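Input: a single structure, listed below in structure tokens.
Everything quoted here is computed from the prediction, not taken from an experiment. Below, read A as the first sequence line, B as the second, and so on, with proteins coming before strands; counting in each chain starts at 1.
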Amino acid sequence: EPEVTQTPSHQVTQMGQEVILRCVPISNHLYFYWYRQILGQKVEFLVSFYNNEISEKSEIFDDQFSVERPDGSNFTLKIRSTKLEDSAMYFCASRQFSSPLHFGNGTRLTVT
Amino acid sequence: DQQVKQNSPSLSVQEGRISILNCDYTNSMFDYFLWYKKYPAEGPTFLISISSIKDKNEDGRFTVFLNKSAKHLSLHIVPSQPGDSAVYFCAATYNTNAGKSTFGDGTTLTVKP
């Protein structure tokens with residue numbers, strides 16, 4: 001069964017550094033998402049992406065965050081200047097029209 | 001503003017018995033509800049969904065019930081199996097847009113052999 005893959009599984013970075021989290025969505029999916037889960041808290045929507053542009057974003061997704069689909073397969077989340085409170089599990093997800101989300105296994109981001 | 005709430009952080013049941021996981025929501029605009037299951041070190045996996053035009057949806061051992069007037073839904077697992085032990089998230093969305101979902105806090109289900 002096709003799956004969403006995320007790399008790396010764990011990323012450690014220092015406060016103020018830039019990080020890029022990578023995702024390869026399922027190949028025939030058209031809608032792409034990033035969610036995050038701070039330890040012990042709920043899974044939160046960050047951003048949705050369709051037709052090469054952001055379709056919706058949450059208030060969490062401020063100017064420090066950006067997303068890109070640089071080629072036909074990858075979907076990336078960039079955090080320009082990381083803060084301690086950005087430490088979380090970041091989940092990439094994709095879906096076809098009217099289908100549920102298919103999540104990757106996440107990248108654990110630790111900001112020190 | 002917690003629009004989707006799962007008031008039980010954990011639930012423990014005996015193998016073979018019924019597991020009932022509950023979820024409440026406050027936003028009356030929600031019209032599509034989903035349950036996801038999550039194992040440690042993995043992402044959430046879709047389990048079952050229900051549209052607001054229905055009050056019940058069944059898929060094998062899993063049944064979701066929706067009570068719109070009470071803004072309440074529940075997931076029933078019968079019979080429960082040890083492999084069902086996981087965190088279960090209720091999620092809600094509107095315009096049947098399953099992409100931007102609002103998740104509950106999750107309920108950790110433990111099924112004892």
Starting from B/Ile20, can I reach B/Tyr88 by hopping between I/L/V/M/F/W/Y residues whose side chains sit under 4.5 Å apart? no
Mind listing the closest non-hydrogen atom pair of A/Pro100 and B/Leu34 along with its distance? CB-CD2, 4.0 Å
When you look at CG of A/Asp62, are more than 12 heavy atoms from neighbouring residues, nucleotides or ligands closer to it than 6.0 Å? yes
Is there a path from A/Tyr33 to A/Phe65 through hydrophobic residues (I, L, V, M, F, W, Y) whose side chains come within less than 4.5 Å of each other? no
Value rounded to 0.5 Å, distance of CD in A/Glu44 from CZ in B/Phe103: 11.0 Å
Can you measure from CG (A/Leu101) to NZ (B/Lys100) and round to the nearest 0.5 angstrom? 13.0 Å
With a sphere of 6.0 Å drawn around CD of A/Glu85, does it hold more than 12 non-hydrogen atoms of other residues, nucleotides or ligands? yes
Most heavy-atom pairs under 4.5 angstrom with chain B, which of A/Asn105, A/Val4, A/Leu46, A/Val47? A/Asn105
Heavy-atom proximity to chain B below 4.5 Å, by part of A/Phe91: side chain
Given A/Tyr35 and B/Ser101, is the side-chain contact (heavy atoms from CB on, under 4.5 Å) satisfied, shown in steps? CA-CA 10 Å; A/Tyr35 279 77; B/Ser101 293; 3.8 Å; yes
Taking atom CZ of B/Arg17 as the centre, does the number of heavy atoms from other residues, nucleotides or ligands within less than 6.0 Å exceed 12? no
For the NZ atom on B/Lys54, are there more than 12 heavy atoms of other groups (residues, nucleotides or ligands in this structure) within a distance under 6.0 Å? no
Would you say B/Phe46 and A/Ser99 make side-chain contact, with heavy atoms under 4.5 Å? no
Do B/Phe89 and A/Gln37 have side chains that get closer than 4.5 Å, going by heavy atoms? yes
Best-contacting candidate, B/Pro44, B/Ser49, B/Pro9, against chain A by heavy atom pairs under 4.5 angstrom: B/Pro44
Heavy-atom neighbours of A/Leu84 CG exceed 12 at 6.0 Å: yes
